[in-house]
Amino acid sequence: MPESEHKGNGRPRYENRDLAARARRKPESARLSALRSLCLLDTSPESCFDTITRMAAFQMHAESASLDFVDETRVWAKSIWGGKLREFPRKDSFAERIIDEGKPVVVLDTQSEDRPRGFYRPDKILDLRSFVGVPVSAADGHIVGALCVGSSQPASQIDSDEIALLESLSALVTDQLELRRLRLSTDEPSSRPTETEGAYQTAEAILPLEMDSAWPLAEDLRYALDQQQFVLYYQPEIELATGRIVGLEALIRWRHPRRGMLSPQVFIPQAEENGLILPIGDWGLGQACRQLQLWKKDRPWLDGLRVCVNLSARQFTRQGLADHVESLLLQNDLRGHHLGLEMTESSLIPSIGTAVSVLTSLQKLGVSLHMDDFGTGYSSLSHLHRFPFDVLKIDRSFVKRMSKGTQPLQIVKTIIELARVLGMDVVAEGIETPEQCALLQKMGCRFGQGYLFAPPLPAEEIDELLRSPETRIDHSITIPA
Ligand code: C2E
Ligand code: MG
Ligand code: MG
């Protein structure tokens, strides 16, 4: 593949700027802070950026142009000329490469298999062959994104003047970002100071202690992510007949410096609404895989153990989920059967076509697919057979009511029978009493989780439980919630 890094005619004019850019490059955390202080990831696109991408495409005689900002895991395209707006995984994207290198990158006349991934994949429609991208900086000099163009014309070289032109358009983006920052600080005098004005305030100073319905805002969640305040607890899933641990459900908590340990019900709905569920979910998925790899190390008896992660609708419908999961498995030396993904019916129903294709790609990886909270929400039995689920999780509200009358008991029986016919395993959630456990076993339910066996526990306590191949959680040993 002929590829050059800004080869121009003669000595490239921007070489000194390149050195300056390298010197300016700061650690990833500084870049992310600069990006976050601009609060532009989960806001609507601004039309001023469209003028810049359009100019970039015209001036460079390119079919498409894109202005991308890059956080830990995603590329947030804020303006695209020649394609649809979207955000996509950061890994192996063209924007990631520009951020990592901190200087202009030119890819000339690539073969299709060598094309940069990402770049919102216009190559599928436009068959792009050559790409040029330059970093975009905030006013304080931190690189926060990339301005890229793609062309279907194979190029033998890119003129240094063309790079300079793209860099001046990138400087226009910097001006727009600075205007935006100034506007934000005048509009919201109480909002968090930017990196240039000093370090973030402590969470205590920013957050009101009273729970108001709008709390937490996107920036509170982003700050918590940045400060590593999220933590995963793990609740064992048990084979009821033997007490053997077959899985661990990862359940997120927020260790808030003032408010204490917060339940996901307090912040997941807001995170779903404002889009922060994407980086939070990516963190959770990665953390659960890393943790399982640690537990499994030197413990061959844990090969059959899987860790299950809850996915929200937004994570699920995003492009590239299966690729992301596959790369996490590879990075952590795990195989598909080590990971379970839990989704509720309601997260699948709005887009059944997408759901079927995403689930099918995940199934190909060997990942175990769990329908969570079954029996609540849509309960559209007619859809169930279309989804390749491996496990049905009976919602705990049914388990709770089971001993209170024949109708709830009948519902649980029907769910277990339905799963049997469809070849799925059943996990009953929220088992709290030995009676519930006995009733479920009698009806043919093999697996369960609940306070009767163990509440969600921190990773260190699970580590203790997993130490011996003989460990069984017998329901005669009640662990308090
Ligand atoms: P879920 O996936 O249905 O998780 C089961 C919930 O039941 C957990 O609540 C667990 O602590 C609770 N539970 C387990 N055993 C018992 C029991 O015997 N009795 C009772 N009363 N409750 C029991 P938790 O941890 O508060 O999580 C609530 C929901 O938040 C989860 O429901 C899941 O939908 C969501 N969630 C948790 N972690 C994540 C995450 O990382 N990502 C996403 N998208 N959602 C998450
Ligand atoms: Mg769950
Ligand atoms: Mg559930």
Side-chain angles (χ1 to χ4, degrees), residues 221 224-225 229-238 240 247-255 260-291 306-318 321 328 339-348 368-377 379 389-403 415 426-437 440 447-459 462 473 475 478-481:
L221 292 165
L225 196 58
Q229 291 174 358
F230 293 115
V231 34
L232 290 185
Y233 272 40
Y234 298 87
Q235 185 176 36
E237 286 178 9
I238 308 293
L240 298 178
L248 294 159
E249 179 174 8
L251 294 158
I252 195 168
R253 272 95 185 90
W254 181 355
R255 194 182 281 138
M261 196 66 100
L262 299 179
S263 135
Q265 275 122 337
V266 176
F267 60 91
I268 290 289
Q270 285 87 335
E272 280 170 349
E273 215 162 278
N274 60 32
L276 261 287
I277 193 65
L278 297 179
I280 294 174
D282 285 346
W283 169 81
L285 206 49
Q287 179 63 20
C289 291
R290 282 188 292 277
Q291 184 61 67
R306 70 174 169 238
V307 70
C308 303
V309 178
N310 290 282
L311 286 191
S312 75
R314 247 174 126 144
Q315 285 171 276
F316 184 73
T317 46
R318 184 178 59 173
L321 176 66
L328 280 176
L339 182 67
L341 295 175
E342 302 197 357
M343 292 132 268
T344 58
E345 258 178 306
S346 46
S347 65
L348 306 174
S368 173
L369 302 171
H370 300 203
M371 180 166 278
D372 206 354
D373 303 346
F374 191 76
T376 60
S379 287
F389 279 102
D390 305 288
V391 175
L392 256 186
K393 296 191 78 171
I394 306 178
D395 189 66
R396 68 169 187 266
S397 59
F398 292 106
V399 174
K400 194 174 173 153
R401 283 184 285 148
M402 223 171 39
S403 47
I415 296 176
V426 183
V427 177
E429 297 184 298
I431 305 178
E432 294 184 355
T433 67
E435 293 73 36
Q436 288 167 343
C437 181
L440 285 160
F447 305 99
Q449 70 186 94
Y451 297 160
L452 178 65
F453 310 106
L457 295 166
I462 295 288
I473 302 191
H475 59 72
T478 309
I479 302 173

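Residue numbers run from 1 in the order of the sequence given. These numbers come from the heavy atoms of this one structure, side chains and all, not from hydrogens, waters or symmetry mates. Since the model is a prediction, treat every value here as computed from it, not as a measurement. Counting starts at 1 for both ligands and their atoms, following the listed order.
- The set of protein atoms (N, O or S) found at less than 2.8 Å from the Mg ion (ligand 3) reads Asp372 OD1, Asp373 OD1, Glu429 OE1, Glu429 OE2, by chain and number.
- In this structure, of Asp373, Asn310, Leu285, the residue bringing a heavy atom nearest to atom 43 (C) of ligand 1 is Asn310.
- For atom 32 (O) of ligand 1, no protein heavy-atom neighbour is present inside the 4.0 Å cut-off.
- Counting heavy atoms closer than 4.0 Å to ligand 1, residue Pro456 contributes side-chain atoms (C-beta onward) but none from N, CA, C or O.
- One distance of note links CD1 of Ile238 with CD1 of Ile473; it measures 4.0 Å at 0.5 Å rounding.
- Looking at atom 20 (C) of ligand 1, its nearest protein heavy atom turns out to be Glu432 OE2, 3.3 Å.
- To the nearest 0.5 angstrom, Leu262 atom CG is 11.0 Å from Ile252 atom CD1.
- With a heavy-atom cut-off of 4.0 Å, Gln265 touches ligand 1 through its side chain alone.
- The list of salt bridge (Lys or Arg N to Asp or Glu O under 4.0 Å) pairs with a residue in residues 270-281, not counting sequence neighbours, is empty.
- Interatomic distance, NZ of Lys393 versus NE2 of His370, reported as 7.5 Å (0.5 Å rounding).
- For the side chain to side chain donor-acceptor pair (under 3.5 Å) test, residues two or more places apart in sequence or in another chain that qualify with Gln235 are Gln449.
- Numbered from 1 in the order shown, with element, the atoms of ligand 1 that lie under 4.0 Å from a heavy atom of Ser312 read 44 (N).
- For Glu249, the N/O/S atom at the shortest distance from the Mg ion (ligand 2) is named OE2.
- Look at Glu249 and you'll find a heavy atom under 4.0 Å from some atom of ligand 1.
- Relative ring orientation between Trp254 and Phe267 is described as perpendicular, the plane-to-plane angle rising above 60° on a 0-90° scale split at 30° and 60°.
- At the top of the distance list for atom 24 (P) of ligand 1, counting protein heavy atoms only, stands Pro264 CG, 3.8 Å.
- Under the 3.5 Å distance criterion, with hydrogens and angles disregarded, no donor-acceptor pair is assigned to the side chains of Asp282 and Gln315.
- Not a single donor-acceptor pair under 3.5 Å links the side chain of Gln287 to the backbone N or O of Trp283.
- Neither the backbone nor the side chain of Thr344 comes within contact range of ligand 1; no heavy atom lies under 4.0 Å.
- Enclosure of atom CZ in Arg255 is not indicated, since only 12 or fewer non-hydrogen atoms of other residues, nucleotides or ligands lie within 6.0 angstrom.
- The closest approach between any non-hydrogen atom of Lys393 and ligand 1 is not below 4.0 Å.
- At under 3.5 Å, a nitrogen or oxygen of Gln235, whether backbone or side chain, sits near a nitrogen or oxygen of ligand 1.
- Put simply, atom 38 (N) of ligand 1 has protein non-hydrogen atoms near it, under 4.0 Å away.
- Protein heavy atom at the shortest distance from atom 10 (C) of ligand 1 is Leu251 CD1, 3.9 Å.
- Among all protein heavy atoms, the one lying closest to atom 40 (C) of ligand 1 is Ile252 CG2, 3.8 Å.
- Cation-pi contact between Arg396 and Phe398: absent, since separation from the ring centre below 6.0 Å together with deviation from the ring axis within 45° is not met.
- Remark: Met371 CE to Met343 CE distance equals 8.5 Å, nearest 0.5 Å.
- Heavy-atom separations between Gln449 and ligand 1 are all 4.0 Å or longer.
- The protein atom (non-hydrogen) at minimum distance from atom 9 (O) of ligand 1 is Arg396 NH1, 4.5 Å.
- Rounding to the nearest 0.5 Å places CG of Leu457 at 12.0 Å from OH of Tyr234.
- Atom numbering of ligand 1 starts at 1 in the shown order; those under 4.0 Å from a heavy atom of Gly450 are 15 (N), 18 (O).
- Checking side-chain atoms of Asp390 against main-chain N and O of Leu369 turns up a donor-acceptor pair under 3.5 Å.
- By the side chain to side chain donor-acceptor pair (under 3.5 Å) test, Asp372 pairs with no residue at all, sequence neighbours left out.
- Phe389 and Phe374 have their aromatic ring centers separated by at least 6.0 angstrom.
- The nearest protein atom to atom 16 (C) of ligand 1, hydrogens excluded, is given as Tyr451 CE2, 3.4 Å; this is a heavy-atom distance.
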